[in-house]
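Numbered from 1 within each chain, the chains take letters A, B, ... in sequence-line order. Atom set for the values below is all heavy atoms of this structure, side chains included, hydrogens, waters and symmetry mates excluded.
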Protein chains: 2
Amino acid sequence: MSVRRRQEDRRAATRRNLVAAARNLFAQKGYAATTTPEVVQAAGVTRGALYHHFADKAALFSAVVEEEHALLALTIHQAAEAGEDEPGPVKSLIRGGEGFLAAMQEEGRRRILIVDAPAVLGRARVDEIDARHGLHTLVEGVGTAIEAGAIKNLPLLPLAHLLSAMFDRAALAPAEDLGAYRKTIKALIRGLRT
Amino acid sequence: MSVRRRQEDRRAATRRNLVAAARNLFAQKGYAATTTPEVVQAAGVTRGALYHHFADKAALFSAVVEEEHALLALTIHQAAEAGEDEPGPVKSLIRGGEGFLAAMQEEGRRRILIVDAPAVLGRARVDEIDARHGLHTLVEGVGTAIEAGAIKNLPLLPLAHLLSAMFDRAALAPAEDLGAYRKTIKALIRGLRT
DNA sequence: ATTACAAACATACAGCTTGTCTGGATATTA
DNA sequence: TAATATCCAGACAAGCTGTATGTTTGTAAT
């Protein structure tokens, strides 16, 4: 191995710059309206660097989605640790949802993850990415709630997907309606109790 | 007015051809991968005609979405009339959902309405279109259920949006999972009963 | 240290796509 | 039938994507 750090660092740095610049532009203008010349100019490199690191524009977007998902999960996790732990699996589900909605308020995140990602990457790939991040913890939460007998015994993954869909839609709602959405989701989840 | 029908007919005919050809291609390859030369060739006209009838490619897609929404509503409506009318507002909601899921199985419809439309037209425009079609009847159904005291008194539009989001996600599920999704949605709606 | 090599990046290029513009065909009105 | 508006076809310019080639920078070996 020796001390070959410089090349590795250089590579990682430009890659980070590209992903960061792309994230901002995708968030502001959307995927289709963002051009690769714009991205590389914002990143301070040329298109040669972009196509050296990524197969195509969609691959760059995919990297942005992965990063955004990771940041989302991180934010939710931190909020969950900070909040007091009233136990109870149903309460946990609801609190997880609140954390998700709060974390989704980050500028541009909704457009990238909910609006553009399915169209650009395809539903299958988005499902796969989602399974590794947000949906994973949601499935766990629903699973323990079912095992504990706190909610009805329903098909695990479908239920998780349906809840996830509700949270996504709520995240897209205008900010002033968010309260009503939270209340309604709470009622829907409570309705699952045995 | 007199009998100026021929021009009107001609115009309507090429417009129909364009929308029909576009619908097929958008359904198969998605919006981004479909080119306007492809569309006009399939429609048997030239790009001149396309840009005479539509401002741009997105406007053509918008027309496709409108038509698809109308067909969707028609199919659901027919199914609803054919089915026996067990009364009860909650049953009605569930049956409406079944009709929606069945009508959504039409080839390409999911891609156009759920995957591509939000990215191409923007969330706001999709909401506006949806409000004039599917969501409209859903809001009515939920409204009467609430007025009848059959389900909890929750914010009308948010609840309708959340249910709509669930149905959309269920429609995207693999065909073999559809049964589990239907069952789960049924349980979620039943949980809303007072 | 110099040479040999590989990785990272810049520049140039070809093909395609979109939207506009101009001209001709067809229908309507006077 | 002349004038006019509508409908549509073909040509054009600008821009974007992906590739291919060249150049620099870092790494390894002798």
Completion exercise
Note: contacts of residues 23-44 of chain A with DNA chain D (heavy atom, under 4.0 Å) are A:Thr34, A:Thr35, A:Thr36, A:Pro37
Exercise for the section: Look at A:His52 and C:dA8 and indicate whether a side-chain polar atom (N or O) is within less than 4.0 Å of OP1 or OP2. Expected result: yes
Completion exercise
note: B:Glu8, atom CD; C:dA27, atom P; distance rounded to Å ~ 14 Å
Practice task
Go through the steps for A:Arg111 and B:Arg123 under the test side-chain contact (heavy atoms from CB on, under 4.5 Å), then give the verdict.
Solution key: CA-CA 9 Å; A:Arg111 180 168 213 166; B:Arg123 193 173 58 70; over 6 Å; no
Exercise for the section: On the 0 to 90° scale, with breaks at 30° and 60°, tag the B:His69-B:His133 ring pair as parallel, tilted or perpendicular. Expected result: parallel
Handout entry: Side-chain-base donor-acceptor pair under 3.5 Å for B:Arg47 and C:dG19
Key = yes
Handout entry: Nearest-Å distance for atom pair NZ/P, residues A:Lys57 and D:dC16
Key = 10 Å
Problem - Atom pair OG1/CG of B:Thr194 and B:Asn153 - distance to nearest 0.5 Å - result: 10.5 Å
Exercise for the section: Side chain of A:Val45 only, please: which of D:dT17, C:dA10, D:dC7 is the nearest? Expected result: C:dA10
Exercise for the section: May I ask you to evaluate whether B:Thr14 reaches the phosphate of D:dC7, defined as a side-chain N or O under 4.0 Å from OP1 or OP2? Expected result: no
Handout entry: Distance, rounded to the nearest Å, where B:Tyr51 contributes OH and D:dC7 contributes C1'
Key = 17 Å
Exercise for the section: With the side chain of A:Thr46 defined as its heavy atoms from C-beta on, choose the nearest nucleotide among C:dT11, D:dA9, D:dT27. Expected result: C:dT11
Exercise for the section: Measure the spacing between CD1 of B:Ile94 and CD1 of B:Ile189 and express it to the nearest 0.5 Å. Expected result: 5.0 Å
Exercise for the section: Could you check how far CG of B:Leu18 sits from C1' of D:dC7, rounded to whole Å? Expected result: 12 Å
Exercise for the section: Taking A:Glu140 for its side chain and A:His136 for its backbone only, find out whether a donor-acceptor pair lies under 3.5 Å. Expected result: no
Practice task
Check whether the side chain of A:Arg10 and the base of D:dG26 form a donor-acceptor pair under 3.5 Å.
Solution key: no
Handout entry: Interatomic distance, A:Asp56 CG vs C:dC16 P [rounded to whole Å]
Key = 18 Å
Exercise for the section: Report the distance from atom CG of B:Leu60 to atom P of C:dT17, rounded to the nearest whole Å. Expected result: 16 Å
Practice task
Check the pair B:Arg125, B:Glu128 against salt bridge (Lys or Arg N to Asp or Glu O under 4.0 Å), reporting the backbone distance first and the verdict last.
Solution key: CA-CA 5 Å; B:Arg125 173 124 181 72; B:Glu128 184 257 316; 2.7 Å; yes
Exercise for the section: Measure from CG on B:Asp9 to P on C:dT26 and round the result to the nearest Å. Expected result: 17 Å
Practice task
Using whole Å, report how far CZ of B:Phe61 lies from P of C:dG19.
Solution key: 14 Å
Exercise for the section: Check for a donor-acceptor pair, side chain of A:Thr75 on one end and backbone N or O of A:Leu71 on the other, with a separation under 3.5 Å. Expected result: yes
Practice task
Please check the phosphate of D:dC8 (OP1 and OP2 only) for any side-chain N or O of B:His53 closer than 4.0 Å.
Solution key: yes
